[in-house]
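The structure under discussion appears below in the form of C-alpha cells.
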Amino acid sequence: MPELPEVEVTRMGIEPHIKQHKVTNIIIRNGRLRWPIPEQINELIGQTIEQVGRRAKYLLIESEAGTAILHLGMSGKLCVVPKETEILKHDHVDIEFDNQMILRFNDPRRFGAVLWQSCDEPMHSVLVHLGPEPFDPVFTGDYLYQLSRDKKSSIKQFIMDNKIVVGVGNIYANEALFKAGIHPKRPAGNISKKRYQQLVPIIIETLQRAIEQGGTTLKDFAQADGKPGYFAQELLVYGRKGLPCVNCEQILDEIRLGQRSTVFCKNCQK
DNA sequence: AATGGGGCCTGATAGC
DNA sequence: TGCTATCAGGCCCCAT
C-alpha cells in the first residue's frame, strides 16, 4: 500500500523516463477510478513534461498547459514500459511518449485517481486542504504540540490526519510510534511538548529511511522498474501482531483505531 | 466544530 | 473442491 515513501520512490523511478518528453497520446481503458478520469486530461497530449513532482501522496506530472495529478490509492502501480508491451488485467491508463515509452497505470482495487489541473484553474480541491510535508521545516515538535492541544483523538489518528501533516499512512504511523515509545491510543492533547519533539524527527527519519530502501513491499507495491522495496524487512511492529517485541520480547498487541490495524508493544509504548 | 463511520474496490486467505 | 465471508485500507463525505 503506497504511502509517502512508495510514492516518492515511484516519482524518482519514472521521472528520468518522461521528463522533457512529449506526450503523444493517452489511452484510457477503464476511467472509473476513485473519481472518473476527467475528459480534460487530454489537454496533456502534445505537452512536454517539465518535471514529475509530488505533494503528499499525489504525483504531479507537470507541463506548461497543466498538471496530471495521479494517486495510487491502495493498490496502484506505475511503470514505464516500451510501446507494444502486453496489456495486463487492471492496466487502466497509458500515457504515451515520443520516446516510444508508455507510462502505464495499473490498479486492481481502483482506489487510485487520475485528475487534471489546468494551468489557469485554482489549485485542485484534492490539494487545497493538505497540511505540510513531513520534510518541510515547519513540521516540528512544537508545531505538532500546538495543533494537538485540546485534541481528544488518538495520537495515531492525529499524525495520520492529512490536515496536520501529509504522507504518514498506517504502516509508518505504527512504526514511528513504536520507535518513539508512545502508545498509539493516547489522546494527542495529553502528550507533552518534549515527546512531540522526540516524535517528529523519528517520523522524518522513518520516512527517509523507507525511501532509501525503495519503499515497503507487502503485496502490492513495486518500484517503477518492477523491483520490490526493501523496507519491509525493517518493520518493527507493522504486520508483527503476536510476535515478540524487538526490544523486550513482550508479544505485540493489535487493536483497531479508525478501522485501521494498529500494532504496538504495551510494555514499550506508554 | 470535531469526530466517527460508511463506501469505494479486488484479491488473498480462512472457513465450511 | 468450490463456494462464501472477511480483511486489507487512503481518502472523501456525510451524520451526529
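Throughout, protein chains are lettered first and strands after them, A, B, ... in sequence-line order, and every chain is numbered starting at 1.
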(request) May I have the distance from A/N174 (atom CG) to C/dA8 (atom P), rounded to whole angstrom? (result) 12 Å

(message) Five pairs per end, C1' atoms only: what is the angle between the end axes of the helix from B/dA2-C/dT16 to B/dC16-C/dG2, to 10 degrees?
(response) 60°

(message) Can you tell whether the side chains of A/E6 and A/K57 come within less than 4.0 Å, N to carboxylate O?
(response) no

(message) For the CD1 atom of A/I164 and the CG atom of A/L147, what is their distance to the nearest 0.5 Å?
(response) 5.0 Å

(message) Within the 3.5 Å criterion, strictly below it, is a donor on A/T140 or A/D142 matched to an acceptor on the partner's side chain?
(response) no

(message) Nearest whole Å is fine: how far is B/dG7 C1' from A/R110 CZ?
(response) 14 Å

(request) Say whether A/E254 and A/S261, considering side chains only, have a donor N or O and an acceptor N or O under 3.5 Å apart. (result) yes

(request) Could you grab the distance from atom CD1 of A/I251 to atom SG of A/C245, nearest 0.5 Å is fine? (result) 9.5 Å

(request) Determine the interplanar angle of the A/F105 and A/H92 rings, folded into 0 to 90°, and report it as parallel if under 30°, tilted if 30 to 60°, perpendicular if over 60°. (result) tilted

(message) Nearest whole Å is fine: how far is B/dT10 C1' from A/R32 CZ?
(response) 13 Å

Atom pairs and distances, donor-acceptor, side-chain atoms in residues 28-39 of chain A, under 3.5 Å, two or more places apart:
from, atom 1, to, atom 2, distance (Å)
A/R29, NH1, A/D91, O, 2.7
A/R29, NH2, A/D94, OD2, 2.5
A/N30, OD1, A/R32, N, 2.9

(message) How many whole angstroms separate atom NZ of A/K156 from atom P of B/dT3?
(response) 17 Å

(message) Given the structure, check if the side chain of A/R260 and the base of C/dA8 hold any donor-acceptor pair shorter than 3.5 Å.
(response) no

(message) Taking 4.0 Å as the cut-off, does a side-chain nitrogen or oxygen of A/Y238 come that near to OP1 or OP2 on C/dA8?
(response) no

(message) Please determine whether residues A/L115 and A/V23 belong to a single hydrophobic cluster, defined as Ile, Leu, Val, Met, Phe, Trp and Tyr linked transitively by side-chain heavy-atom distances below 4.5 Å.
(response) no

(request) Tell me what A/F158 touches on the nucleic acid: a base, only sugar-phosphate, or nothing, going by heavy atoms under 4.0 Å. (result) nothing

(message) Both A/S261 and A/L130 contact DNA chain C. Taking the nearest nucleotide for each, which residue is further toward the 5' end?
(response) A/S261

(request) State which of B/dG6, B/dT10, C/dG10 makes the closest approach to the side chain of A/K57. (result) C/dG10

(message) Nearest whole Å is fine: how far is B/dC8 P from A/H92 NE2?
(response) 17 Å

(message) With a cut-off of less than 4.0 Å, is there a side-chain N or O of A/K89 near OP1 or OP2 of B/dG11?
(response) yes

(message) When you measure only distances, ignoring hydrogens and angles, does the side chain of A/R34 come within 3.5 Å of the base of C/dC11 through a donor and an acceptor?
(response) yes

(message) Looking at B/dG11, I'd like to know if its phosphate oxygens (OP1 or OP2) sit under 4.0 Å from a side-chain N or O belonging to A/H90.
(response) yes

(message) Would you say that A/V263 contacts A/D253 through its side chain, given a criterion of any heavy-atom pair below 4.5 Å between the two side chains?
(response) no

(request) Would you please confirm or rule out a distance under 4.0 Å between OP1 or OP2 of C/dC11 and any side-chain N or O of A/N162? (result) yes

(message) Assess whether a salt bridge exists between A/K179 and A/E205, defined as any Lys/Arg side-chain N lying under 4.0 Å from an Asp/Glu carboxylate O.
(response) no

(request) To the nearest 0.5 Å, tell me how far A/Q250 CD sits from A/L243 CG. (result) 12.5 Å

(request) Using whole Å, report how far CG of A/L257 lies from P of C/dG9. (result) 12 Å

(message) For DNA chain C, which residues of residues 141-155 of chain A approach it to below 4.0 angstrom with any heavy atom?
(response) none

(request) Figure out the CE/P separation between A/M160 and B/dT3, and round it to whole Å. (result) 16 Å

(request) Tell me which nucleotide among C/dA8, C/dG9, B/dT10 gets nearest to the side chain of A/R256. (result) C/dA8

(message) If I take atom CG in residue A/D107 and atom C1' in nucleotide C/dG10, what distance separates them, rounded to the nearest angstrom?
(response) 11 Å

(request) State whether the aromatic ring of A/F111 stacks on the base of B/dC8, taking stacking to mean ring centres under 5.5 Å apart and ring planes under 30° to each other. (result) yes

(message) Would you say A/H71 places a side-chain N or O within less than 4.0 Å of OP1 or OP2 belonging to C/dC11?
(response) yes

(request) Kindly point out which of B/dC9, C/dG10, C/dC12 is positioned nearest to the side chain of A/M74? (result) C/dG10

